[in-house]
Amino acid sequence: MDRRSLEDLIALARSPSLTAAAEQRHVTQPAFLRRIRALEDTLGVELAARNARPARPSDPLLKSLPHIEAIARSLTNLERELRHNSPSDEEITIAAIHTIAMVHLPDVMEDLQGALGPASLEVRAADREDCFTAVMIGQASIALYLEAADARLNVDDELVIHEVVDEDVLGAYIGGPAAARGRLLDALQAPDASVPLVALCPSGALGRIVHDALLPVAPCAFHRVASSAFVPAVMSHCMAGSGVAFLPRSLATSAIADGTLLPVPAALSFPEASLDLVMLRARRQQTPREAKAWGALKASLSHRRAAPQTTSITHPPHHSAPATS
């Protein structure tokens, strides 16, 4: 098996569906399935349990996943060792979800550059599961992502170190011209109205929180007018007035300040979810530059940390209609 095969297997094991695994590997689902079937034919082992609905990784694959990830990580470390003849050339890669890459990292890059000196920095934007995988197979030194306390990434503390360094809130927003905002507010307050929703796809961590925890207790019904796993794209649709969107407060702050986004009024009792900003790295010996990057990033993000939020998922007192997505 080559590097691509190992990463295909990791994507299959770590993703919530075959579709999500194919998206992670940047291929169509049929093409991804052909690659998995070719591996099954070569190995003589079932890798995707297709008798389950939806299809899921097989038990042999799940049992071998730590070994597969270790081999992929070793290959990456070997490539790094061969590529970099001097420690001064070491590149530090940070894998971060798009919200963090856009909102948090630009403000701390100066601190990182000061700590690392001439070392090159790469920021790789991806979803939470991809960030974790990048760290586990050695393609990134640090992962940064948002998650709710009751929807943690399933990680083994013997393999990783993870720390909460900041907090955020996932809440409902509207935007667009005054007329569009007025129509949305009217719909939100009408007893039997179906409100347009710009949805975060439930294949992502934040989308699952919206779909599983927030929409079921929202005080109105929704109909989806657009959807994306890319949080900034959902915000763009919301800012155009397409519909209500659930967004991290940190991403919405500047748009609120210039009036292009508005929080859904508190009087409407929309639910919110508290989020933690998490730093994660593999529990292995760090290079001096990796240790400096971890320390500098942790210090900068912790310094930015706001006063603790007490809002978790808030259930509204009444439901005028069931929510759907």
Side-chain angles (χ1 to χ4, degrees), residues 16 96-105 125-129 131-132 143-153 162 164-175 184 188 195-220 222 224-239 242-257 260-279 301 304-316 323-325:
I97 65 169
H98 297 89
T99 299
I100 294 172
M102 291 179 63
V103 176
H104 296 268
L105 286 181
D127 63 23
R128 181 181 67 164
E129 284 72 17
C131 291
F132 172 74
L144 291 170
Y145 54 85
L146 291 168
E147 65 181 8
D150 57 354
R152 297 285 191 209
L153 190 65
H162 53 104
V164 174
V165 291
D166 203 349
E167 294 172 344
D168 209 334
V169 176
L170 190 63
Y173 295 87
I174 59 174
L184 286 171
L188 287 168
V195 179
L197 174 72
V198 184
L200 279 167
C201 293
S203 59
L206 298 185
R208 285 194 291 275
I209 295 170
V210 173
H211 187 270
D212 297 340
L214 301 185
L215 290 182
V217 296
C220 63
F222 289 104
R224 184 166 50 192
V225 294
S227 63
S228 176
F230 185 47
V231 182
V234 170
M235 186 173 79
S236 295
H237 281 287
C238 183
M239 291 169 62
S242 299
V244 175
F246 287 86
L247 301 165
R249 180 182 293 167
S250 60
L251 184 63
T253 298
S254 60
I256 294 170
T260 53
L261 275 183
L262 294 175
V264 168
L268 296 180
S269 300
F270 260 65
E272 294 181 338
S274 293
L275 301 174
D276 291 330
L277 171 57
V278 177
M279 286 180 60
L301 292 174
R304 289 163 44 89
R305 185 168 184 166
Q309 300 284 342
T310 57
T311 304
S312 57
I313 297 174
T314 305
H315 295 264
T324 63
S325 64

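Predicted model only: the values in this text are computed from it and were never measured. One is the number of the first residue; the rest follow in order along the sequence.
Distance alone, capped at 3.5 Å, is enough to place a donor-acceptor pair between the Thr260 side chain and the Ala255 backbone. With Arg224 contributing its side chain and Pro196 its backbone, the two residues share no donor-acceptor pair below 3.5 Å. Using modelled atom types, no side-chain atom of Glu147 and backbone atom of Ala205 make a donor-acceptor pair closer than 3.5 Å. Under the 3.5 Å distance criterion, the side-chain polar atoms of Asp127 are left unmatched by any main-chain donor or acceptor of Gly204.
Between His211 atom NE2 and Ser227 atom OG the span is 11.0 Å, to the nearest 0.5 Å. Rounding to the nearest 0.5 Å gives a distance of 5.0 Å between OG1 of Thr99 and CG of Leu251. To the nearest 0.5 angstrom, Phe270 atom CZ is 4.5 Å from Leu188 atom CG. For the atom pair NE2 (His237) and CG (Leu197), the distance works out to 12.0 Å, reported to the nearest 0.5 Å. For the atom pair OH (Tyr145) and CD1 (Ile97), the distance works out to 10.0 Å, reported to the nearest 0.5 Å. To the nearest 0.5 Å, atoms CE (Met235) and CG (Leu200) are separated by 11.5 Å.
Under the side-chain contact (heavy atoms from CB on, under 4.5 Å) test applied with Arg128, the options Leu153, Leu206, Leu146, Val278 reduce to a single match, Leu153.
Nearest heavy atoms, His104 versus Ser250: NE2-OG, 3.8 Å. Nearest heavy atoms, Cys238 versus Val198: N-CG2, 4.4 Å. The two residues Val231 and Pro248 make their nearest non-hydrogen contact at CG1-CD, 3.8 Å. Scanning both residues, Pro271 and Pro219, for their nearest heavy atoms gives CD-CD, 4.3 Å. In plain terms, the two heavy atoms of Cys201 and Ala229 that are nearest each other are SG-N, 3.5 Å. The two residues Pro232 and Met102 come nearest to each other via the heavy atoms CG-SD, 3.1 Å.
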Leu277 and Glu167: CA distance, side-chain angles, deciding distance, side chain to side chain contact (heavy atoms under 4.5 Å, CB included) verdict: CA-CA 6 Å; Leu277 171 57; Glu167 294 172 344; over 6 Å; no

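In this view, His162 and Asp157 satisfy the side-chain hydrogen bond (donor to acceptor under 3.5 Å, both in side chains) rule, not counting sequence neighbours. Evaluation of the side-chain contact (heavy atoms from CB on, under 4.5 Å) rule for Ala252 yields Tyr173, Ile256, Leu261 as partners, not counting sequence neighbours.
Looking at Ile209 and Leu275, their side chains come closer than 4.5 Å, going by heavy atoms from C-beta outward.
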